[in-house]
Amino acid sequence: MKGSLIVVAFFALGCILGWSGYLPQVIVENDITMYVLYLLMFQVGLSIGSDKKLKDILCSIRPKLLLVPLATIIGTLTASALVSLLISKWSVFDCLAVGSGFAYYSLSSILITELKEASLGVQMATELGTIALMANIIREIFALLGAPLFVRYFGRLAPICAGGATTMDTTLPIITRYSGKDLVFVSIFHGILVDFTVPFFVSFFCSM
């Protein structure tokens, strides 16, 4: 929760600095966000590759475990497609790109802004990237705050699916508390797999 609020605070600070016109011209003129994107992609690879549990997870994967991240991906994309029926401004592929962030707000928002700039223009691409940022932050907050209700009404796997790509880190403690320690392995595996799909799904739907 605290981490999400910090991200929102930095986002607001960036908006204020951008509107104020006080930023150095070198930052405005150069494509800094692309380098930030490269750094984020590198960090994703590092976080997955350096996970000490990764080897154990890969060695003990059972086909049935794949159903949990599969349910998360299918459920999220289906809901995103249905939302597009209520929003005329954005296409179904735009909504699918936003949903494909799976709560990984930092990576998905930058990816969408960069990849949609050519087809939508800078202003619209930035707007869609901002929507992705806020939508995925809200998803993480819902997963953190709603975990006990999800377990009560939908079962112990519900908080894992709700957490999306965050179940290997930020939402893992709350999932462990309400879903049980026996699902920690499932939560980490789910987070790694969904995390890995984010750049592929976002890039795919942005190209449509």
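For reference, positions follow the sequence shown, starting with 1.
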>> According to a hydrophobic-cluster definition based on side-chain heavy atoms being under 4.5 Å apart (Ile, Leu, Val, Met, Phe, Trp, Tyr only), do Ile87 and Ile131 belong together?
In response: yes
>> If you compare all heavy atoms of Ser106 against all heavy atoms of Tyr104, which two are closest, and at what distance to 0.1 Å?
In response: OG-CE2, 3.2 Å
> Does Tyr153 have any ring pair (Phe, Tyr, Trp, His ring centres under 6.0 Å) partners at least two apart in sequence or in another chain, and if so, which?
Replying inline: none
>> List the residues meeting side chain to side chain donor-acceptor pair (under 3.5 Å) with Ser119, not counting sequence neighbours, and say none if there are none.
In response: none
> Does Ile137 share a hydrophobic cluster with Phe142, counting links as ILVMFWY side-chain heavy atoms below 4.5 Å and allowing steps through other members?
Replying inline: no
> Which of parallel (below 30°), tilted (30 to 60°) and perpendicular (above 60°) describes Phe185 and Phe189?
Replying inline: parallel
> Which heavy-atom pair separates Val194 from Gly164 by the least distance, and what is that distance?
Replying inline: CG1-C, 4.0 Å
> Atom OG1 in Thr126, atom CG in Leu120: separation rounded to 0.5 Å?
Replying inline: 10.0 Å
>> Measuring only between side-chain heavy atoms, which start at C-beta, is Leu193 closer than 4.5 Å to Leu66?
In response: yes
> Are the side chain of Thr167 and the backbone of Leu172 linked by a donor-acceptor contact shorter than 3.5 Å?
Replying inline: no
> From Glu140 CD over to Thr170 OG1, what is the distance, rounded to the nearest 0.5 angstrom?
Replying inline: 3.5 Å
>> Between Ser179 and Thr176 (side chain of the first, backbone of the second, donor and acceptor by atom type, cut-off under 3.5 Å), is there such a pair?
In response: no
> CD1 of Ile112 to CD of Glu117: how many Å apart, nearest 0.5 Å?
Replying inline: 13.5 Å
> If you take all heavy atoms of Val98 and Ala132, which pair is closest and at what distance?
Replying inline: CG1-CA, 3.8 Å
>> Taking Tyr105's backbone N and O only, do any of them form a donor-acceptor pair with Asn136's side chain (distance below 3.5 Å, no angle check)?
In response: no
>> Give me the atom names and distance for the closest heavy-atom approach of Ala143 to Phe150.
In response: CA-CE1, 4.2 Å
> Who pairs with Thr76 by side-chain contact (heavy atoms from CB on, under 4.5 Å), at least two apart in sequence or on another chain?
Replying inline: Thr72, Ser80, Phe102, Arg139
>> I want to check something: taking the side chain as every heavy atom from C-beta on, are Phe93 and Lys116 in contact at a cut-off of under 4.5 Å?
In response: no
> How many angstroms lie between OG in Ser109 and CG in Leu111, if you round to the nearest 0.5 Å?
Replying inline: 8.5 Å
> Going hydrophobic residue to hydrophobic residue with side-chain gaps under 4.5 angstrom, can you get from Leu145 over to Leu149?
Replying inline: no
>> Can you give me the closest heavy-atom contact between Leu96 and Leu77, atom names plus distance?
In response: CD2-O, 3.2 Å
> So, for Cys206 and Leu115, which heavy atoms are closest and what is the spacing to 0.1 Å?
Replying inline: CB-CB, 3.8 Å
> Between CD1 of Ile188 and CG of Leu183, what distance do you get to the nearest 0.5 Å?
Replying inline: 11.5 Å
>> Check Asp94 with Lys89, please: is the shortest side-chain N to carboxylate O separation under 4.0 Å?
In response: no
>> Contact between Pro159 and Val151 at the side-chain level, heavy atoms closer than 4.5 Å - yes or no?
In response: yes
> Does any N or O in the side chain of Thr166 come within less than 3.5 Å of the main-chain N or O of Gly163, such that one atom is a donor and the other an acceptor?
Replying inline: yes
>> Let me confirm one number: the CG-NE2 distance from Asp195 to His190, rounded to the nearest 0.5 Å.
In response: 11.0 Å
> Is the closest side-chain heavy-atom distance between Ile160 and Leu157 below 4.5 Å?
Replying inline: yes
>> Under 4.5 Å between side-chain heavy atoms, counting indirect links through other Ile/Leu/Val/Met/Phe/Trp/Tyr residues: same cluster for Met208 and Val202 or not?
In response: yes
